[in-house]
A.B. asks: 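Here it is, the structure, as structure tokens.
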Amino acid sequence: MAESGDKLVAQGSGREVVKPTFREVFAAEESPLLRFGYGLVGQRETAEDIVQDAFLKLHAHWDDVSNPRAWLFRCVRNLALNHIRDTRKEIMTENDDEWESKQPEPDEAVARMEAVGTLRMLVAELQPQERELVSLKYRDELKYEQIGERTGLSAGNVGYKLHHVLKGLADAMR
């Protein structure tokens, strides 16, 4: 590898591959990683801590990492799953037997967490009005009429728009 300014240039098979600088990776990937982390853990502050830890780990392994973006996403995923596992242990009640009997198998739990994280990322990528409708319906648990009062839309229009947003989300999840 030859050094080109702050960038590393790998030569091989007749072409050069430029590895971005750490700062460039940070600038490009911080926001997507925060959305991904938030999608997995559902808490902004925790997602920020996880992403910060991932960048610290990347910095420590910078010379060994050939694809920083993929490495960071895998690292954030692993850190988030560790956090979820550790947090679940902290909040177990005295009725451990009853609590454990209701828990899904670990592979089912991971699949569900990944699906929830994917859904949260997809919702975050919706247009602001669509995201507001989904939030009012499912977070605030409002009826179409109540959503219409807040947004200025008719109840029928709220239902129509929500139907199409949810259909799009379902298609994206598949």
Side-chain angles (χ1 to χ4, degrees), residues 20 22-58 65 67-93 99 102-174:
F22 186 82
R23 286 180 186 203
E24 290 171 337
V25 171
F26 182 82
E29 303 302 335
E30 181 190 25
S31 292
L33 286 167
L34 285 170
R35 283 192 302 272
F36 179 64
Y38 177 77
L40 292 172
V41 297
Q43 297 173 325
R44 180 183 167 153
E45 296 81 14
T46 303
E48 289 171 351
D49 291 343
I50 288 170
V51 170
Q52 180 181 7
D53 288 347
F55 274 109
L56 289 171
K57 288 176 184 287
L58 174 63
V65 175
N67 185 343
R69 183 176 199 276
W71 192 95
L72 281 166
F73 273 89
R74 186 174 56 249
C75 185
V76 167
R77 177 186 175 273
N78 292 340
L79 289 169
L81 293 176
N82 288 344
H83 169 78
I84 291 166
R85 183 190 63 233
D86 295 344
T87 303
R88 184 172 58 197
K89 287 179 184 175
E90 291 174 7
I91 60 174
M92 290 174 103
T93 64
W99 189 84
K102 295 179 183 178
Q103 294 302 306
E105 293 297 314
D107 57 337
E108 293 171 357
V110 169
R112 185 174 189 281
M113 287 185 283
E114 287 178 344
V116 169
T118 301
L119 182 60
R120 284 185 176 151
M121 283 191 318
L122 291 171
V123 169
E125 293 172 359
L126 291 174
Q127 296 295 321
Q129 184 186 29
E130 294 172 336
R131 193 170 43 248
E132 179 187 21
L133 291 175
V134 171
S135 176
L136 290 171
K137 177 65 180 163
Y138 296 100
R139 190 191 68 212
D140 298 344
E141 300 178 349
L142 299 180
K143 298 183 184 303
Y144 288 172
E145 293 80 19
Q146 295 169 314
I147 296 171
E149 290 171 8
R150 289 196 185 182
T151 61
L153 300 171
S154 68
N157 200 354
V158 169
Y160 175 83
K161 287 180 181 258
L162 271 172
H163 169 77
H164 286 285
V165 168
L166 296 176
K167 186 175 185 297
L169 289 172
D171 290 345
M173 288 293 290
R174 282 189 211 108

A.B. asks: Who passes side-chain contact (heavy atoms from CB on, under 4.5 Å) against K161, sequence neighbours left out?
C.D. replies: Q129, L133, L153, N157
A.B. asks: Do I50 and V41 come within less than 4.5 Å of each other through their side chains, counting heavy atoms only?
C.D. replies: yes
A.B. asks: Enumerate the residue pairs fulfilling ring-ring contact (aromatic ring centres under 6.0 Å, His included) with a member in residues 137-174, sequence neighbours excluded, ordered by first and then second residue.
C.D. replies: Y160-H164
A.B. asks: Which pair of non-hydrogen atoms, one from A54 and one from L79, has the smallest distance, and what is that distance?
C.D. replies: N-CD1, 3.8 Å
A.B. asks: With sequence neighbours left out, which residue pairs that include part of residues 31-43 fulfil the salt bridge (Lys or Arg N to Asp or Glu O under 4.0 Å) condition?
C.D. replies: none
A.B. asks: With salt bridge (Lys or Arg N to Asp or Glu O under 4.0 Å) as the rule and sequence neighbours excluded, what pairs involving residues 114-142 come up?
C.D. replies: R77-E114, D140-R150
A.B. asks: Write out all pairs satisfying salt bridge (Lys or Arg N to Asp or Glu O under 4.0 Å) with one or both partners inside residues 40-56, taking only residues at least two apart or from two chains.
C.D. replies: R44-E48
A.B. asks: How would you list all residue pairs meeting ring-ring contact (aromatic ring centres under 6.0 Å, His included) that involve residues 31-54, not counting sequence neighbours?
C.D. replies: F36-F73
A.B. asks: Take H83 and L40, measure what side chain to side chain contact (heavy atoms under 4.5 Å, CB included) needs, and give me the verdict at the end.
C.D. replies: CA-CA 10 Å; H83 169 78; L40 292 172; over 6 Å; no
A.B. asks: Where is the tightest heavy-atom contact between P68 and L58, given as atom of each residue plus distance?
C.D. replies: CB-CD2, 4.3 Å
A.B. asks: Side-chain contact test, heavy atoms from C-beta onward, threshold under 4.5 Å: evaluate it for L169 versus L126 and give yes or no.
C.D. replies: yes
A.B. asks: Write down the atom of V76, the atom of G37, and the distance for their closest heavy-atom approach.
C.D. replies: CG1-CA, 4.0 Å
A.B. asks: Looking only at non-hydrogen atoms, find the nearest pair between E29 and P32 and report the distance.
C.D. replies: O-CD, 3.3 Å
A.B. asks: Can you measure from CG (L33) to SG (C75) and round to the nearest 0.5 angstrom?
C.D. replies: 9.0 Å
